[in-house]
K.L.:
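What follows is a single structure, and I will ask about it in a moment.
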Amino acid sequence: MVSALPPGGARAVARCDMLGAAPYSDMAGGLYRAYLTPAYAAAQRALTEWMEQAGMTVRLDPAANLIGRYEGATRDAPALLIGSHIDSVRDAGLYDGPLGVMLGIEAVDALNRAGRRLPFPIEIIAFGDEEGSRFPAAMLTSRAVAGVLEADALEVADRDGVTLHDALASFRHPSEGWGLMPRNAKTPAFAGVTDYLAARRAPGATLAYLEAHIEQGPVLEAKGLALGTVTGIAAQLRLSAIVTGQANHAGTTTMALRRDALTGAAEMMLAIEGIARDDASDLVATVGRIEALPGAPNVVPGEVRFSIDIRSGDPARRDRAAQAILVALEHVASSRGLAVAVEQVHDLPASPCDPALMDMMDAALADAGHPPFRLVSGAGHDAMAMAALCPTAMLFIRCRAGISHNPAEHIDPADAEAAFQAMLGFIRKLGESVAA
Ligand code: HGY
Ligand code: MN
Ligand code: MN
């Protein structure tokens, strides 16, 4: 029972476990929690209760992020934001995202029970769209908060054709009832995306952003370490490709006469993999989603759509690879009588963490008995967007076998407890530095 657990890291893990199934998941037999769905609203309801129990006042912002606020000794001082995301990929693990939110709530809960106020308010922010698993755009909600979201990014629709505007407008639609919404929510009903960009924080009004996250890679485990200080996040480029050939009868179209979009796309994917492999650096390129149309066994595929995700800590290296990929795609298309069109979904620059906050995190790790260790993040995080607004810090927590974006994702509650203690130490040190 989650409620019977003592506060701290183990409770944070148990709360993530609790949110791993219906009604907090949109799929049966696993976790898929997408932005602005019933599961998303249900998770916000549970979080609202936990935030209130930890002494926070809770609200939604115009991007439907859930925010709990714990006042500081100086009411209007710039706030420390602690957050992560509560949306997930399809068939997700339980900790990618929510753990950072739960640990933030635990940190505030500990301060509240000790009657401690910092020289700044703390806000725990549960971001809504980090993964981009519903709409073809990622980090919409943190980009809105950081003030780096362009209005045209809001003109997106999900696979079922539901626009972001309509999803937001119906998120609090009266016919759904207030039961879908967090208790005591103060925000008036969403007017679709009309007010979305008002989620933006005023520059200077945020002291720092702290995000704790499972590592999603094998480095900490290999080093025998529970925790690490993140130095920065790799640059990400996401593209979407459409290959067009000619749909035709699978029984009558001879092999020589085919313009098969799927076999062409297959060759393109191998070329993408080859370019990334040949680079032999931290560069990675992934085709993670593919759709072949019309999708019938007896029809030569006429159209294929697929995603391309390219990352590197070195943006120039990433961009060179993207260029090489575009050339390779054109080459494959022309050799097969196909057409290929590529669009950019997003371009997230590499995002270094703040050097002074990294030092503070290292010191917090050392105080808690952990050898300071620094590592870079290949995975994207809301901290990438938040870096445009304020100094950012990230704490990585060991996960088993480096597995993530997979239901097998696992974290030891003892490691979560270590992270909780380190976060408290970091907050204390930040308080001392502000007071000094
Ligand atoms: O795609 C990413 O790196 C992140 O997990 N959203
Ligand atoms: Mn993820
Ligand atoms: Mn994540």
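First listed ligand is number 1; within each ligand, the first listed atom is number 1.
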K.L.:
For ligand 1, which atoms sit closer than 4.0 Å to a heavy atom of A379?
P.N.:
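Counting atoms of ligand 1 from 1, those under 4.0 Å from A379 are 3 (O).
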K.L.:
Would E130 count as a contact for the Mn ion (ligand 2), in the sense that one of its N, O or S atoms lies under 2.8 Å from it?
P.N.:
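No N, O or S atom of E130 is closer than 2.8 Å to the Mn ion (ligand 2), so no.
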K.L.:
Heavy-atom contacts with H405 under 4.0 Å: which atoms of ligand 1 show up? List them by number with element.
P.N.:
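Per the distance check, 5 (O).
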K.L.:
Can you tell me if, anywhere in H213, an N/O/S atom lies at a distance from the Mn ion (ligand 3) that is smaller than 2.8 Å?
P.N.:
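So H213 counts as coordinating the Mn ion (ligand 3), yes.
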K.L.:
Is the shortest distance from a heavy atom of Q236 to ligand 1 less than 4.0 Å?
P.N.:
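Right, Q236 reaches ligand 1.
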K.L.:
Please find out if the Mn ion (ligand 2) and some N, O or S atom of H85 are separated by less than 2.8 Å.
P.N.:
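Here the distance criterion (N, O or S atom, under 2.8 Å) is not met by H85, so no.
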K.L.:
Do any of the N, O or S atoms of D382 sit under 2.8 Å from the Mn ion (ligand 3)?
P.N.:
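So D382 does not bind the Mn ion (ligand 3) by this criterion.
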K.L.:
Need the ligand 1 atom indices (1-based, order shown) with element for anything under 4.0 Å from a heavy-atom of E130.
P.N.:
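Reading through ligand 1 atom by atom, the close ones are 4 (C), 6 (N).
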K.L.:
For atom 4 (C) of ligand 1, what's the nearest protein heavy atom and its distance?
P.N.:
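Going by distance alone, atom 4 (C) of ligand 1 is nearest to G380 O, 3.4 Å.
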K.L.:
For ligand 1, does H85 get within less than 4.0 Å through its side chain, its backbone, both, or neither, judged by non-hydrogen atoms?
P.N.:
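Looking at H85 and ligand 1, no heavy atom falls under 4.0 Å.
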K.L.:
Would you indicate which of H381, Q216, R311 comes nearest to atom 3 (O) of ligand 1 when only heavy atoms are counted?
P.N.:
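Comparing heavy atoms across H381, Q216, R311, the nearest one to atom 3 (O) of ligand 1 lies in R311.
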K.L.:
Between G378 and ligand 1, is there a nitrogen or oxygen pair with a distance under 3.5 Å?
P.N.:
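There is no such contact.
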